[in-house]
Amino acid sequence: MHISQDHIAELRTTLKGRVIRPQDADYHQARAVFYGGIDRRPALIAAVADASDVAQVIRLARANGLELAVRGGGHSVAGHSASDGGIVLDLRAMKALTIEHERRSAWAEAGLTAGEYTAAVGAHGLATGFGDTASVGIGGITLGGGIGYLVRKYGLTIDSLLAAEIVTADGELRRVDPQHEPKLFWAIRGGGGNFGVVTRFHFRLHPVECVVGGMLLLPATPSVIAGLVAQAEAAPEELSMIANVMMPAPPLPFVPVEQQGRPVVLVLMAYAGDSEAGQRAIAPFRALATPIADLLRPLRYSELFPPQEEGYHPLAVGQTLFMDTFDHGQAEAILEHLRTATAKLAVIQVRVLGGAVARVPVEATAFAHRQRRMMVNVAAQYERPDEAAHYAAWTANVAAQLRQGDAAYVNFLGDEGPARVRDAYPGATWERLQAIKRLYDPTNLFRRNHNIPPAPGDARV
């Protein structure tokens, strides 16, 4: 169905926020998302101001069978933050943040980015773990799980989620937590945007004023790569590491000319604890090889989230997988894949898990991969939109050779089909999510996502 002029006029009259139409001067800027190559043109963009605006847009979309896309930070790899001909519900104006110092918690509206939230709570020496990118919206990363710099010490982002306020497909604003609608609360902790639009999150805050961390650039050899994984698994839980094995070396000011064009490992890490203990914990990483660049130091946690470069819209594809064993042979295979890559930038990223993530029971949330030892992402950046299929095939081939079992992290999934969505939610997790979907969104209004369709009518939660 199409959006009538009467509907547009009604929204423009009653919405506290803005209604942006194709003829408006800022329409093209408003419809742009993070990744390049996504050129979808919604019939309108509803830049909502509060939860009542969200409810109004949801009721309009449901009553008229309109496609509804929900946009926070706009980082959906699959382009789910955009729509062709439908409505984009844009949360970016909703940035209220209330810090409850005595309770060590914060209520955060869903339009905030990870960088904005981290800087604000960091001014009080506190933190909630998100990912590793400032411009990511807190909504998308939280609903999918959240794996970042504090993952081994404090778990996934959803492990710090105390409650949420969500507008469901019936237009009702609901408070969800362990006591109020616990089934829905379970589902949004990992189940993505399938169940409604979260307008506010209530997060636990952890005492993280300073960390020892930053970036370490090492030459990429099999022994270095395997050593990084081994050291990260053996390290204290206060230390979380992201190893980006890449080809070619990035043309950064501190990278010597002779290293540019060669494979390197860009290591990002953070030790959330005492500074002296942090220096001891990172020493084995420094000892793996003579660093090309060593920018590890004591710093404020928020400094790990520098602002995103203005106008940066990379053309990129990726594949997500999990691994439980990693040795010298797999490190060699990674390097061989990168040496034969023709992408502008090819990256195989390894995030070591364990620690606090693994101590939460698998069935406690909709994130079902807590016992996996590491998450791997294979990605390629390219120059022209017509190269997308070629590099999608390259990433899929590399991932297939590295993959150990069918599993996927939903926040890193591209547009890869229903079977890959099932890989994100194996076994009983999928069945339980489908049943909850039927309770709260029986018509599948919230389908611009890695979709979980409603269960058949006889399903039980």
Side-chain angles (χ1 to χ4, degrees), residues 34-37 132-135 149 211-232 241-271 279 282-299 303-318 328 330-352 376-388 390-391 394-395 398 402:
F34 175 75
Y35 287 103
D132 60 350
T133 303
S135 59
Y149 291 123
V211 299
V212 179
M215 192 196 77
L216 182 68
L217 194 66
L218 298 173
T221 67
S223 60
V224 166
I225 297 167
L228 282 167
V229 174
Q231 291 295 343
M241 181 207 75
I242 305 170
N244 298 282
V245 191
M246 57 177 57
M247 176 77 181
L252 298 171
F254 48 79
V255 178
V257 174
E258 63 269 20
Q259 289 290 341
Q260 294 181 15
R262 297 182 179 180
V264 296
V265 192
L266 192 155
V267 186
L268 302 171
M269 65 176 68
Y271 181 92
Q279 294 290 354
I282 65 177
F285 295 87
R286 285 174 162 147
L288 289 170
T290 301
I292 299 167
D294 184 348
L295 304 182
L296 298 174
R297 60 185 176 87
L299 73 167
E303 292 181 67
L304 294 172
F305 294 84
Q308 192 75 56
E309 177 186 341
E310 190 70 30
Y312 180 59
H313 297 288
L315 294 166
V317 289
H328 194 275
Q330 285 152 332
E332 285 183 329
I334 283 176
L335 279 177
E336 186 57 33
H337 289 308
L338 292 178
R339 289 193 185 101
T340 60
T342 59
K344 174 183 176 182
L345 177 65
V347 183
I348 298 177
Q349 180 190 86
V350 183
R351 302 184 186 221
V352 171
V376 177
N377 193 44
V378 181
Q381 284 191 25
Y382 49 94
E383 303 270 8
R384 304 188 314 272
D386 62 1
E387 297 177 312
H390 171 79
Y391 289 109
W394 180 83
T395 58
V398 174
L402 295 175

*List the steps, then state whether side-chain contact (heavy atoms from CB on, under 4.5 Å) holds for Q279 with V212.*
CA-CA 7 Å; Q279 294 290 354; V212 179; 4.1 Å; yes
Quiz item: Is there side-chain contact between P298 and V211, with heavy atoms separated by less than 4.5 Å?
Solution: no
Correct closest heavy-atom pair for A380 and A343 would be CB-CB, 3.9 Å
Between L266 and P250, the two heavy atoms sitting closest are CD1-CG, 4.4 Å
| said: Can you confirm whether Y149 sits close enough to L268 that some side-chain heavy atom of one is under 4.5 Å from a side-chain heavy atom of the other? | reply: yes
| request: Before giving the answer on side-chain contact (heavy atoms from CB on, under 4.5 Å), spell out for V265 and L217 the whole-Å C-alpha distance, their side-chain angles and the decisive distance to 0.1 Å. | output: CA-CA 6 Å; V265 192; L217 194 66; over 6 Å; no
Interatomic distance, CD1@I242 vs CE@M269, rounded to 0.5 Å, equals 10.0 Å
Determine yes or no for a side-chain-to-main-chain donor-acceptor pair under 3.5 angstrom, with Q260 supplying the side chain and V257 the backbone.
no
Heavy atoms of A226 and A331 approach each other most closely as N-CB, 4.0 Å
Are the side chains of H313 and Y35 in contact, using a 4.5 Å heavy-atom criterion? no
Handout entry: Donor-acceptor contact present, side-chain Y391 to main-chain T342, <3.5 Å
Key = yes
Taken in chain and number order and not counting sequence neighbours, the residues that satisfy salt bridge (charged side-chain N to carboxylate O under 4.0 Å, His left out) with R297 are E303
* Would you please test V267 and M215 for side-chain contact (heavy atoms from CB on, under 4.5 Å) and show each step? => CA-CA 6 Å; V267 186; M215 192 196 77; over 6 Å; no
Can you list the steps and then say if I348 with V376 is a side-chain contact (heavy atoms from CB on, under 4.5 Å)? CA-CA 7 Å; I348 298 177; V376 177; 3.9 Å; yes
Query - Heavy-atom side-chain proximity of L335 to I225 below 4.5 angstrom - result: yes
ask   = Does some side-chain heavy atom of V264 sit less than 4.5 Å from a side-chain heavy atom of M246?
value = yes
Applying salt bridge (charged side-chain N to carboxylate O under 4.0 Å, His left out) to R286 and not counting sequence neighbours gives D294
Rounded to the nearest 0.5 angstrom, the CG-CD distance for L315 and Q381 is 8.5 Å
Heavy atoms of A249 and Q259 approach each other most closely as CB-O, 3.4 Å
Closest heavy-atom pair, L288 versus G227, reported as atoms and distance to 0.1 Å, is CD1-C, 3.8 Å
On a heavy-atom basis, the closest approach of A379 and W394 is O-CZ3, 3.9 Å
request  = Determine whether the side chains of Q349 and R351 contain a donor N or O and an acceptor N or O closer than 3.5 Å.
outcome  = yes
- request: May I ask you to test the Y382-H390 pair for a side-chain heavy-atom distance under 4.5 Å?
  value: no
Distance col, row L295:CG vs F254:CZ, nearest 0.5 angstrom, shows 5.0 Å
Side chain proximity check, F305 to S135, heavy atoms < 4.5 angstrom | no
So CD of E387 and NZ of K344: to nearest 0.5 Å the spacing works out to 10.5 Å
- H337 side chain vs V398 backbone, donor-acceptor pair below 3.5 Å: no
Indicate yes or no: at least one non-hydrogen side-chain atom of L218 is less than 4.5 angstrom from one of I292.
no
Separation between CG (N377) and CG (N244), nearest 0.5 Å, reads 9.5 Å
